[in-house]
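A short worksheet on the structure shown next.
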Amino acid sequence: MVHVGQDADSWIGRGGKRRVGVEIEFGRLAATVAAEAVRQRFGGVIRSDGPHRLHVEATEIGNFRVELDWDWVQGTKPDGGLVDKAKEFLGDLGREWVPTEIVTPPVPAGRLPEIDALVQTLVRLGAEGTRTGLLNGFGLHLNPSLGPADLTAPRILAVLQSYLLEAPALRVAIDVDPIRSLLPFVEPFPAGYVDHVLHPDYRPSMEGLIADYLRFNPTRNRELDLLPLFAEIDRERVQRAIADPKVSARPTFHWRPPERGSRGSALDGRRAMGALAARRGAGPGWRRPVDTNSRATLPAGGEPLERPFLTLFRRRRPRIGVTTGRYKGRTMRLANSLAVLLSGGVPVRIGPGWRTRFDGLDGLIVGGGVDIESRLYGIDTIDEWPYDPDRDALEIRALDWAERHGRPVLGICRGAQLMNVHRGGTLVLDLGRSHPEAANPRSIFPCKTAHPRGPSRLVEVIGERPLRINALHHQAVDRLGDGMQVTAVDDAGIVQAIEVTGHRFRLGVQWHPEMMVWSPRHLRLFRALVAACAEEPQRQSPAPASIRA
């Protein structure tokens with residue numbers, strides 16, 4: 001193994017000279033909003049290359065780049081032609097699926113907590129990470145800069161050997177998110193390369209070190225990507241081997257740390273970086289296993305770092321109960337379950353004959369289905385409506401549990417009506433009879449318009465603009481229950497959304513957003529529910545009056 005010393009021009013492990021560039025990927029938040037967050041924290045001026053690529057320049061720590069990570073939509077102009085307008089539109093739509101990225105300048109090690117604070121701001125503004133969506137595989141990259149004396153084969157090899165020894169323990173301790181682990185961007189080094197580099201007699205020249213790396217790793221997709229560093233040293237050799245325009249020459253180890261997991265591991269991105277740098281090849285302590293229970297510091301005596309650096313990625317996947325009935329609602333339950341998965345949650349089926357315990361759930365979706373028995377809200381009728389008394393009783397118990405434990409609830413169609421009845425409200429038995437003048441089309445596709453009302457949680461989630469909705473109902477909310485407010489109506493004035501005032505998320509909608517998850521505004525209802533379920537539950541006191549089945 002290689003042992004190297006340090007000199008004044010080495011930046012490895014020297015707190016005074018150590019700088020780390022950070023690349024932060026996240027979803028949903030517009031590049032313009034993220035750039036403004038950077039400007040407010042670090043100063044500077046914003047320069048735009050279009051709506052999806054911006055630069056925050058002349059800040060107190062250097063220049064930032066903020067962009068949607070989709071090359072095709074870059075370079076649009078606000079006053080451009082049809083192609084530019086198409087790019088702008090598709091970029092806005094793609095923000096729900098394609099990550100936005102902030103690339104920082106090399107940041108002095110002592111100021112890394114300020115980047116952490118920026119991440120906290122992004123979260124408050126609505127940025128989403130890997131664990132907030134089934135298809136999200138976002139990451140956070142660290143680029144520790146190297147000094148002039150570090151660009152030698154012995155120094156680079158020392159860090160590489162240290163990393164190869166520690167990588168298995170780091171991956172286990174970090175507990176990689178399942179979606180992140182399926183993506184190719186953080187693949188470990190092949191076993192043949194590891195054996196080759198860790199051989200006791202391996203002492204290559206720089207030319208040999210680069211040649212071996214390119215032979216075993218002709219790809220950017222390595223968790224410790226050395227292509228930028230080797231392109232800085234020998235650009236022509238790297239370009240001949242890797243025809244990838246995204247390989248940029250930089251004097252750095254481009255590290256894609258697998259993000260922190262959900263089981264309370266003490267290791268986060270900054271601690272992993274500290275553990276890696278501390279074992280850079282100086283002596284026999286090199287082989288010590290990573291201690292995930294001790295406090296770690298940045299290299300060379302930096303401040304202890306206990307707050308998680310990967311705020312966007314650390315959240316566990318909340319478990320969301322999805323109700324169903326005996327006679328109707330299977331398709332709706334499956335659609336709701338898919339929406340929960342797409343939003344980063346884990347759906348759990350509950351219904352008559354299925355799950356009856358609610359402990360372990362973080363939230364609840366009361367879905368659509370047959371009518372609620374009218375006697376539950378004080379109306380006797382001789383009409384032979386299809387009822388499901390067992391489902392009524394189960395969902396009422398579920399709402400009691402949610403009230404008692406402060407769990408978020410999304411009610412859909414029948415579920416929104418039951419939320420109102422649960423708090424003492426009533427329903428319109430049949431819109432065709434009570435509102436004969438109002439058209440009430442029934443379709444899983446958009447067929448009417450809802451008009452959100454604010455201030456409300458609904459407006460915070462989907463905005464104030466009118467929303468095209470579908471309709472499968474013939475009943476609706478009539479007299480409001482205790483603590484409820486109307487937050488959307490349609491063109492005929494029929495209630496389309498209600499919510500519990502003063503609660504972080506207890507919202508009911510009359511339409512079926514689970515049938516329209518292809519629309520970002522409808523999908524946001526599920527993402528907001530999952531986000532609320534990931535927060536610390538707030539016990540409700542006193543409990544509202546409720547019916548008992």
Let me confirm one number: the [atom1]-[atom2] distance from [X] to [Y], rounded to the nearest 0.5 Å.
X: Phe358; Y: Arg397; atom1: CZ; atom2: CZ; result: 6.0 Å
X: Phe64; Y: Leu54; atom1: CZ; atom2: CG; result: 13.5 Å
X: Arg527; Y: Leu342; atom1: CZ; atom2: CG; result: 8.0 Å
X: Leu472; Y: Ile444; atom1: CG; atom2: CD1; result: 7.5 Å
X: Gln417; Y: Tyr377; atom1: CD; atom2: OH; result: 7.5 Å
X: Cys533; Y: Arg504; atom1: SG; atom2: CZ; result: 7.0 Å

Listing request: all salt bridge (charged side-chain N to carboxylate O under 4.0 Å, His left out) pairs with a residue in [range], at least two apart in sequence or in separate chains.
range: residues 408-419; value: Asp392-Arg414, Glu395-Arg414
range: residues 458-471; value: Arg457-Glu460
range: residues 511-520; value: none

Can you find a pair of side-chain heavy atoms, one from [X] and one from [Y], that are under 4.5 Å apart?
X: Pro520; Y: Leu523; answer: no
X: Arg407; Y: Leu364; answer: no
X: Leu112; Y: Val22; answer: yes
X: Ile102; Y: Leu122; answer: yes
X: Ile412; Y: Trp511; answer: no
X: Glu36; Y: Ile46; answer: yes
X: Pro347; Y: Val322; answer: yes
X: Glu499; Y: Met484; answer: no

Check: Out of Val340, Leu361, Val530, which residue meets the side chain to side chain contact (heavy atoms under 4.5 Å, CB included) rule with Pro318?
Finding: Val530

Note to self: My understanding is that only one of Val421, Asp371, Leu376, Leu418 makes a side chain to side chain contact (heavy atoms under 4.5 Å, CB included) with Leu427; could you say which?
What the structure shows: Val421

Nearest non-hydrogen partners of [X] and [Y], listed with the distance:
X: Val477; Y: Gln510; result: N-OE1, 4.5 Å
X: Val56; Y: Ala35; result: CG2-O, 3.7 Å
X: Ile498; Y: Leu507; result: O-CD1, 3.4 Å
X: Val459; Y: Pro452; result: CG2-CB, 3.9 Å
X: Asn470; Y: Ser443; result: CB-O, 3.0 Å
X: His451; Y: Asp491; result: NE2-OD1, 2.6 Å

Margin query: Test of understanding: with salt bridge (charged side-chain N to carboxylate O under 4.0 Å, His left out), list the residues that count as partners of Arg375, not counting sequence neighbours.
Written below: Glu373

Distance-only, no hydrogens or angles: does the [X] side chain make a donor-acceptor pair with backbone N or O of [Y] under 3.5 Å?
X: Arg521; Y: Ile462; answer: yes
X: Thr104; Y: Gly21; answer: no
X: Thr324; Y: Gly351; answer: no
X: Arg391; Y: Ile372; answer: no
X: Ser519; Y: Met516; answer: no
X: Thr100; Y: Leu29; answer: yes
X: Thr487; Y: Arg453; answer: no

Check: Quick one: side chain to side chain donor-acceptor pair (under 3.5 Å) partners of Gln485, sequence neighbours excluded?
Finding: none

Margin query: Once ring pair (Phe, Tyr, Trp, His ring centres under 6.0 Å) is applied, do any residues pair with His473, and if so which ones, sequence neighbours excluded?
Written below: none

Margin query: Between Lys448 and Asp490, does any side-chain N to carboxylate O distance fall below 4.0 Å?
Written below: yes

Donor on one side chain, acceptor on other, [X] and [Y], under 3.5 Å:
X: His422; Y: Asp400; answer: yes
X: Asn143; Y: Glu23; answer: yes
X: His474; Y: Asp430; answer: yes

Margin query: For Thr331 and Leu334: C-alpha separation, side-chain torsions, deciding distance, then whether side-chain contact (heavy atoms from CB on, under 4.5 Å) applies.
Written below: CA-CA 5 Å; Thr331 300; Leu334 291 175; 5.8 Å; no

Notebook entry, point to check: Can you check side-chain contact (heavy atoms from CB on, under 4.5 Å) on Glu101 and Ile24, steps first, answer last?
Noted result: CA-CA 5 Å; Glu101 183 178 44; Ile24 308 164; over 6 Å; no

Next item on the list: Quick one: do Arg506 and Glu403 satisfy side-chain contact (heavy atoms from CB on, under 4.5 Å)? Show the steps, please.
Entry: CA-CA 9 Å; Arg506 189 136 320 141; Glu403 295 278 12; 2.6 Å; yes

Next item on the list: Take Ile115 and Val20, measure what side-chain contact (heavy atoms from CB on, under 4.5 Å) needs, and give me the verdict at the end.
Entry: CA-CA 11 Å; Ile115 303 299; Val20 181; over 6 Å; no

